[in-house]
Protein chains: 2
Amino acid sequence: MKCVSEKSEDKIREAAKRVFLKKGYDGTTSRDIANEADMNIALTNYYFRSKEKLFIEIFKDLMGLYFQSVIDILNKPVDIKTKISEVIENNYQMMKQEPDLVIFIMNEIHKVPERLLLKIPLYQQFKSTLFSQQLEAGIKKGTLRPIRIESILPLMTSCIEFLFLGKGIHQQVFNMSDTDFQEFAESHKEHVKAMICNYLILAD
Amino acid sequence: MKCVSEKSEDKIREAAKRVFLKKGYDGTTSRDIANEADMNIALTNYYFRSKEKLFIEIFKDLMGLYFQSVIDILNKPVDIKTKISEVIENNYQMMKQEPDLVIFIMNEIHKVPERLLLKIPLYQQFKSTLFSQQLEAGIKKGTLRPIRIESILPLMTSCIEFLFLGKGIHQQVFNMSDTDFQEFAESHKEHVKAMICNYLILAD
DNA sequence: GAACATTTTAAACATTCGTTTAAACTAATC
DNA sequence: GATTAGTTTAAACGAATGTTTAAAATGTTC
């Protein structure tokens, strides 16, 4: 029994994740979720009590997905130049795999800022990464440009994420097909890597 | 009478713009708009026929606002380094003044890509700017890094716009108050200017 | 296999949605 | 000042929303 019930619960959770990612909280109805999961309408409330409770659970998951991989890379024992490339590369792969993730997170937080009240102390986590120590040491040595971690993190992610955030706009404005865009994004990614390393690294 | 009716129509339009920007299309109800405009519910349909017609009208306006000022600057008769700084500065001021604009546009297009079917041939407009000619000439001379206009335009806007797109996240993650954020954004902007110029301009 | 707990179902709930109606109000025209 | 055209109003419309119900179906336990 436990097995079967978990299956239903997960089916709904996964279906809800897909629909929420595509349509957002306001744009998603309980019936949308039930249809996507191919289950009865009442089951969403049977397992999750309400649409909002289900949403919050999924939202937390996705926030974790968004941040955790970056933190992991920032702690890897590699030199800072490699690490920057890896962060950007990872960011790029994540966007390719889940292109709706960032616009979804940004938009939901924009509409209801209270949703972000996670207890996760992200600032401490970022500050205590190996990357942060490497940055500080490099600046002291004069091999890295003096810049705060608050600035370097967005620099590493914004260019790639923005490209996918505005994928529709970019494709339309520049007359790109899906394959055109993919090719373009790939080359853009390399520009971004080079540009950020160029700027940050003063001497090897 | 024309005078009075225009007043009512504009009151609704402006109120709708505020609400749509904050809550998005799905999150906005006709009654929200009527309340914000302090007018009777039936007037939205009396003047604009439907919620969607009103939305489309506003959306077109905002798309114009988003693109036109950039195109204007790209055509200004100044050297390319100054121009890059100006585009970024303009972008920054726009985000400060209308912080909801970009997330709104990105999100609505993401949900309903058909909305972007403007007849505006933006690609041609960008390609035929003075900036585009300066870029091409500079690359031929070897003073500018070879890069497509498709890449340089997002580079100039993404860092700043992304900062405001994720304003909520950034403030929360880095424990910033509103004034903290403003100060931070200002310094971040200077980094972005320097970084892009550094990368693009090979020799003066 | 009878008693029980869990899961699934169809149907309904009250509320809110975008929109329409028809009457009341206002201002201009003759 | 009666007639007309344009504007605003309160009330209602059917449809869709999130949620609940109570019965049916299914699985578990002894």
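Letters A, B, ... are given to chains in the order of the sequence lines, protein chains preceding strands, and every chain is numbered from 1.
Taking atom NZ of residue K51(A) and atom C1' of nucleotide dT17(D), one finds them 8 Å apart after rounding to whole Å. Atom pair K53(B):NZ and dT19(C):P shows a separation of 9 Å (rounding to whole Å applied). We find that CG of D26(A) is positioned 14 Å from C1' of dT16(C), with the value rounded to whole Å. For the pair N35(A) CG and dA10(C) P, the interatomic distance rounds to 13 Å; values are reported in whole Å. If you take CD1 of I41(A) and P of dT7(C), they are 19 Å apart, rounded to a whole angstrom. Put simply, CG on L43(A) is 18 Å from P on dA24(D), counting in whole angstrom units. As rounded to whole Å, 17 Å separates atom P of dA22(C) from atom CG of N40(B). Residue F20(B) contributes atom CZ, which lies 9 Å from atom P of dG18(C) at whole-angstrom precision.
For dT8(C), one of the phosphate oxygens OP1 or OP2 lies less than 4.0 angstrom from a side-chain nitrogen or oxygen of Y47(A). The side chain of S8(B) places an N or O atom within less than 4.0 Å of a non-bridging phosphate oxygen (OP1 or OP2) of dT8(D). Contact annotation: N45(B) does not reach the phosphate of dG18(C) (side-chain N/O to OP1 or OP2, under 4.0 Å). Under 4.0 angstrom from either OP1 or OP2 of dT7(D) there lies at least one side-chain N or O belonging to Y46(B).
Checking T29(A) against R49(A), the closest nucleotide of DNA chain D that is more toward the 5' end is the one next to T29(A). Each of R31(B) and R31(A) was matched to the nucleotide of DNA chain C holding its nearest heavy atom; the match closer to the 5' end belongs to R31(A).
I58(A) pairs with exactly one of K53(A), M63(A), K17(A), R18(A) by the side-chain contact (heavy atoms from CB on, under 4.5 Å) rule, that one being K17(A).
At least one donor-acceptor pair closer than 3.5 Å links the side chain of R145(B) to the backbone N or O of Y199(B).
Remark: Q93(B) CD is packed, more than 12 non-hydrogen atoms of other residues, nucleotides or ligands lying under 6.0 Å away.
Separating the OH atom in Y46(B) from the OG atom in S8(B) is a distance of 9.5 Å, to the nearest 0.5 Å.
The two residues N175(A) and D180(A) come nearest to each other via the heavy atoms O-OD2, 4.1 Å.
Note on T44(A): nothing from the nucleic acid sits closer than 4.0 angstrom, heavy atoms only.
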